[in-house]
Amino acid sequence: MSGERHLPVAVVGAGMIDFGELFHMSYEDMCVAAYERCLASIDKDFAESEIEAAWIGTQLGEFFRRSVATGALLSDPLRLFPRPVTRVENACCTGAEAIRNAAFSIAAGIYDVVLVVGAEKMRDIPSRQSIVAQTGSVFHEWWHPRGATAPNRFGQFATAHMDQFDTKREQFAAVAVKNHHQGTLNEHAHFRFDVTVDQVVNSPEISWPLTLLDACPTTDGAAALILTHEKFAKRYTDRPIYLHGAGLSTDPLISSWKSSYVGFPATTRAAGEAFAMAGVSPGDIDLAELHDCFSIVELMTYEDIGFCEKGKGGQFIDEGGPYPGGTVACNTSGGLKAKGHPIGATGVAQVVELWEQFRGEAGARQIDNPQLGLTHNLGGIGTVVAVNIFGAEPRKAGR
Amino acid sequence: VSFEKTPLSADQVGISAIGWYVPRLRLSGKEWQSVWKGSPSEGVRGVAVPDVDEDVVTMAVEAATRALGPDGAQAVDELHLASTSAPYVVKSTAAVLSSVLFGHAVRSVDHSGSARSVTAALLAARDAVASGRVRSVLVVASDFLVAETADQGESRFGAAAAAVLVDREGSIARFDSSVAGHSTVTSYWQSAQRPTIRRFDDARLERVVEQVAGIRPVASSVAEPGDTVAVHLSQRAAREVLKGVPGVGAVVGGDLYSGIGDAGNGGILLTLLAALGGTAEGEHVCLVAEGSGAGAEAIRFTRGSAVVPEVDVPAGAQIGYTDYLKATRRLEAALPGEVGSSFVASAAWWRTEDMLLRPVAQICRDCGALNYPRRSICIDCRSRALREAPLPRSGSVLSFNIQHVMAVGPEQAPSPIAVAQMDGVPAGGYGGKVSAMVLQEDGDKLAIGEKVRLVFRRAGEELGLVKYGYKFAVVRP
């Protein structure tokens with residue numbers, strides 16, 4: 001790759017539905033509701049006919065609901081046709097990838113205004129049959145035996161991190177406690193109750209050393225953004241937010257092909273790419289929405305992104321680093337842990353949190369004058385990682 | 001009833017290697033009695049029970065692997081499996097065993113129908129080698145019969161597998177004469193329509209049949225004075241049946257039978273191994289096998305010079321009757337709806353069978369990395385120069401967890417799962433590692449750095465087709 005890479009893209013509308021067990025809403029209902037909230041967030045006049053194309057991020061349509069032609073599941077209820085609608089799937093990075101690919105279309109000069117929706121209907125099936133539980137049944141080989149689930153793989157990372165860095169059980173439990181508290185402050189969150197370190201440590205074991213309260217819930221949800229070229233952003237709002245950098249990196253899928261069991265190299269690489277594009281460093285970030293599918297993953301992500309040294313994630317949270325008012329406010333929204341993790345919606349909803357924070361609309365969880373934030377998604381077992389960096393102001397040229 | 005004695009063959013053929021496996025779980029007669037109140041089977045302290053992830057195939061693999069040793073598989077030309085409790089009525093069990101054990105084409109033969117199948121297999125192996133058609137035959141016997149719920153047979157039938165290598169070396173024992181009897185008198189049976197054994201509950205009649213039409217006449221016909229007789233019966237039953245047979249010396253098998261129960265073909269072959277372990281060069285062992293509804297067969301062996309280990313079956317771990325029902329698959333978790341096809345019956349299985357069962361891995365000719373499962377481009381250096389090699393069977397734990405959330409069914413929760421750096425291949429890159437479940441009983445022994453080895457086990461079922469694979473067992477010196 002040559003030359004300076006830059007995505008001249010702004011977010012001019014962002015909305016999400018309140019996440020949860022939305023038994024009363026269909027997939028299409030959720031898409032429409034998120035879209036309506038997104039439209040309502042646009043400050044100035046906006047005609048729906050200005051939308052030239054749409055991207056829909058959904059991971060599990062075929063797997064959970066036997067739905068196919070996912071693009072039509074957005075196009076039909078929103079009456080978007082005949083506009084192009086593209087479905088994106090990239091594990092837990094699905095939402096972030098829908099944003100990145102939509103941004104590419106603007107950067108390429110193909111479209112000026114596009115819609116991005118992320119949506120996942122997870123609770124139409126019992127949580128026992130969720131992707132987390134099913135991993136071992138969709139693969140047939142003995143190295144994906146019964147029990148080779150997401151909790152299995154992340155549990156092994158926790159074991160290795162404790163062994164190599166003397167990380168304490170209570171230190172990753174503290175991630176869950178922090179994010180649950182943030183969830184109590186967020187009307188969009190699935191879980192809106194506090195937990196204590198004792199409760200986390202003593203909740204039922206799901207994958208020793210991880211317990212139930214280390215894990216994010218199985219959640220329905222949808223979120224939507226309107227993206228435009230940054231030069232048009234002020235047509236729609238005086239307070240857009242700007243995409244400064246986007247990075248994506250891959251790493252092996254199956255657990256025996258990992259090069260590390262104490263961190264995710266793809267996070268470091270994706271973050272490095274995004275930081276380079278944005279011309280900033282980890283120390284410049286005011287708030288970060290991190291992929292805390294399990295508490296230990298957020299703790300390792302502090303290290304992998306560079307908020308602290310490798311192996312010092314436990315110390316970082318002990319010293320208040322990831323709390324509001326700390327070094328970098330991590331998961332002010334409550335994260336996946338409390339807000340919920342409707343897979344396709346997750347990466348899009350993280351941007352909704354940055355949108356509200358940058359615009360001073362985050363209510364009780366508002367942090368003081370944030371300028372730069374990032375979203376981080378980790379799919380598979382660190383198999384694909386997306387990091388997108390956003391700013392309250394446009395990226396400074398030559399930075 | 002007539003008996004025909006085969007004369008001593010001029011061609012010297014014998015046994016040159018042995019191995020056996022007895023699962024560690026035991027259901028005691030007392031435990032069975034505490035549930036069903038009746039008298040447990042006489043002369044059996046407890047029966048050996050395969051765990052949920054074991055069956056006739058996995059036991060056979062264990063026994064065969066021990067008989068063959070690290071390099072013995074290449075010499076084998078033919079495989080004979082004797083079992084009356086294989087997982088399928090239609091679908092070869094010997095073929096599965098052959099795929100697991102051998103990287104080359106090995107003709108595989110299933111012997112079934114009765115507990116006399118093992119002597120039929122031994123004699124078929126003897127004749128195949130004697131004829132010059134093949135050099136070396138592996139004979140494996142593996143059984144675990146399951147009686148009907150509450151039947152006393154539950155406290156009688158246990159599990160065992162044994163294996164012997166038959167060739168012209170015959171350093172452990174040489175085939176001598178043999179004799180076959182024929183009878184259709186039936187003491188227990190399993191109809192094709194039912195998954196459990198039914199019995200004609202008359203121990204006295206069983207003894208009389210053994211005396212008149214079974215063990216006694218064939219033993220009398222083949223045994224010479226001073227011979228050791230190997231018979232898979234309780235000590236008391238053996239004494240009764242063999243009483244007055246001229247020249248019978250020591251009778252071996254009662255202790256084994258008491259410790260593991262009636263293990264069918266596996267138990268009979270294991271009894272032979274026990275007798276070989278207790279005899280000296282030049283002495284004779286007479287193996288007598290009786291199959292319900294089949295009659296009896298006896299083979300006389302002359303002990304060779306090779307030293308063999310004593311058959312020493314550990315006491316095992318006692319289980320309750322509920323765990324016994326789980327292990328015998330009569331107390332099963334209701335699983336979510338099965339998918340419409342089975343991996344084991346698919347083209348994908350055909351493409352990957354050698355990698356899944358053998359298991360075949362790849363070594364990079366350029367960087368030496370272990371690539372497993374199969375790839376086209378090296379996981380570490382992107383070289384295309386990969387050569388096939390056996391997957392290393394041992395390694396050390398890099399990390400692990402104890403899994404409580406099971407994907408399909410709770411049959412073995414909690415389940416330890418580990419990823420291990422395998423021995424003898426480069427470490428520190430992407431390759432070189434294997435991820436697998438760990439034997440449930442080894443969960444407490446797990447720690448990072450602990451040595452593990454791969455063992456062959458069941459990895460669930462689809463549409464009644466068993467998926468086989470490997471688990472880690474913790475190696476504690």
Side-chain angles (χ1 to χ4, degrees), chain A residues 63 125-164 203-212 214-215 218 251-262 265 294 296 381, chain B residues 53 336 339 342-344 346 348-349 352 355-357 359 371-373 375 379-380 397-420 422 428-437 443 446-449 457-460 462 467-471:
Chain A
F63 195 58
I125 58 168
S127 61
R128 181 160 185 81
Q129 291 172 27
S130 74
I131 182 65
V132 171
Q134 286 257 0
T135 315
S137 65
V138 294
F139 298 103
H140 296 274
E141 299 85 356
W142 55 262
W143 53 87
H144 298 290
R146 293 181 178 195
T149 59
N152 150 233
R153 278 73 187 278
F154 289 112
Q156 292 186 349
F157 277 72
T159 307
H161 203 275
M162 291 166 77
D163 183 76
Q164 186 165 334
S203 63
E205 272 185 13
I206 55 168
S207 163
W208 182 92
L210 301 176
T211 63
L212 186 64
D214 287 303
T218 306
D251 210 48
L253 173 62
I254 69 173
S255 56
S256 55
W257 281 342
K258 304 305 287 185
S259 59
S260 167
Y261 295 89
V262 295
F294 294 89
I296 184 66
I381 175 86
Chain B
D53 60 358
V339 291
S342 169
F343 180 68
V344 181
S346 70
W349 171 262
T352 52
M355 192 177 71
L356 293 166
L357 292 185
N371 281 254
Y372 186 82
R375 304 173 53 82
I379 187 78
D380 272 304
V397 173
L398 286 172
S399 195
F400 68 98
N401 71 307
I402 308 293
Q403 186 71 20
H404 296 260
V405 184
M406 307 308 283
V408 182
E411 66 179 29
Q412 267 196 312
S415 174
I417 302 175
V419 57
M422 303 312 281
Y430 293 102
K433 301 180 291 289
V434 165
S435 166
M437 295 173 89
L446 271 178
I448 288 175
R457 288 293 187 275
R458 292 167 58 102
E462 283 169 351
K467 295 195 289 182
Y468 292 103
Y470 290 81
K471 289 187 175 183

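Considering all non-hydrogen atoms of both residues, B:S435 and A:S256 come closest at N-CB, 3.6 Å. Residues B:K433 and A:K258 approach most closely at NZ-O, 2.7 Å, considering heavy atoms. Smallest separation of non-hydrogen atoms from A:I254 and B:P373: CD1-CD, 3.5 Å.
Between A:T149 atom OG1 and B:H404 atom NE2 the span is 11.0 Å, to the nearest 0.5 Å. A distance of 7.0 Å separates CD in A:Q156 from CD1 in B:I417, rounded to the nearest 0.5 Å. Annotation: the span from B:S399 atom OG to A:R153 atom CZ amounts to 12.5 Å, rounded to 0.5 Å.
Taking the side-chain contact (heavy atoms from CB on, under 4.5 Å) definition, one finds that B:A348 meets it with B:F343, B:S346, B:R351, sequence neighbours left out. By the side-chain contact (heavy atoms from CB on, under 4.5 Å) test, B:P359 pairs with B:Y372, B:L391, B:R393, B:Y470, sequence neighbours left out.
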- Going through the checks in order, is the side chain to side chain donor-acceptor pair (under 3.5 Å) test met by B:N401 and A:T159? CA-CA 7 Å; B:N401 71 307; A:T159 307; over 6 Å; no

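Contact of B:A447 with chain A is not made at all, since no heavy-atom distance falls under 4.5 Å. Of the atoms belonging to B:R375, it is side-chain heavy atoms, and not backbone ones, that fall under 4.5 Å from chain A.
Between chain B and the residues A:D251, A:I206, A:D163, the largest count of heavy-atom pairs under 4.5 Å involves A:I206.
Without hydrogens or angle criteria, B:Q403 side chain to A:S207 main chain gives no donor-acceptor distance under 3.5 Å.
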